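Input: a single structure, listed below in structure tokens.
This is a predicted model, so every value here is computed, not measured. Order of listing sets the numbers, starting from 1, for every ligand and every atom in it.
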Amino acid sequence: MAAEEIVSGVYGIAMVYVNAFLIAGEDGLALVDSGLPKRKDTILAVVAGIARQPADLKHILITHHHVDHVGSLADLKEASDARSYVHPADSPIVRGDEPQPGPNPSSLLGKLAGPLLARLSSEPPAAAVDVEVEDGEELPIADGIKVVHTPGHTPGHLAFFLPAKGVLFVGDAAANVFRLGMPFGMYTADREQAKESIRKLAGLEFDVACFGHGRVLKGEANLSFRRLAEKLAR
Ligand SMILES: [Zn+2]
Ligand SMILES: [Zn+2]
């Protein structure tokens, strides 16, 4: 099984090249992102692996509208009655009311490969958004989760901070594939905003950072974000 316990009660679920995370609280389960399309069974196998039922899944927190993060949202909602949480700037795309914007044409690779990729990449299955959440909101989920609006990668990108465990779910506001860095240029809508969002995250007090792409950073992870923010400011 592709699940790893990162800190007590927080599990990483690796799906090909993207990660989702499961938080086990006394009152139920919360999932951060839903992975690629057709991964419902992968995620529910992790739920079963910690002796919980699909009905225990109460909340699905979505970092942003990209297909590798919302792909299995509709299927999981059908299997579980979980409520979905999305920022209002990304929710029309998650609902399928607006098309995926595709690669950023202002990046060189996006200009060259964008039209081809836009044709190849499938639209994610549309899913209902139950709760629109904004910056600074505190959700009464798993000892309290703080919503951090981190626009740039997408306009409605969210990070989720679990202060009780010192864990930050970064989404694609940054990635840790080779090393900690900016999210992928071609798929980032606004680079300057994305840098500002990394500065914002660097101001939080977290010990562990969980990424949509790449390895978990453990132990004073916020210091790595501060170094990255300084580097980007130069
Ligand atoms: Zn993304
Ligand atoms: Zn992603």
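The two residues Thr150 and Leu158 make their nearest non-hydrogen contact at OG1-C, 3.6 Å.
Placement of Leu31 and Val16 within a single hydrophobic cluster is found when ILVMFWY residues are connected by side-chain heavy-atom separations under 4.5 Å, directly or transitively.
Taking the six-membered ring where the residue is Trp, His69 and His213 present perpendicular rings, their angle passing 60° and hence far from 30°.
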Check against ring pair (Phe, Tyr, Trp, His ring centres under 6.0 Å), His66 and His153: CA-CA 10 Å; His66 284 158; His153 185 66; 4.7 Å; yes

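Excluding waters, the set of protein N/O/S atoms under 2.8 Å from the Zn ion (ligand 2) reads Asp68 OD2, His69 NE2, Asp172 OD2, His213 NE2.
Among Arg95, Lys58, Lys77, Arg83, the one residue that satisfies the salt bridge (Lys or Arg N to Asp or Glu O under 4.0 Å) test with Asp130 is Lys77. Each of Glu132, Glu98, His65 was checked for a side-chain hydrogen bond (donor to acceptor under 3.5 Å, both in side chains) with Ser91, and the lone residue meeting it is Glu132.
Taking backbone and side chain together, His157 holds no N, O or S atom under 2.8 Å from the Zn ion (ligand 1).
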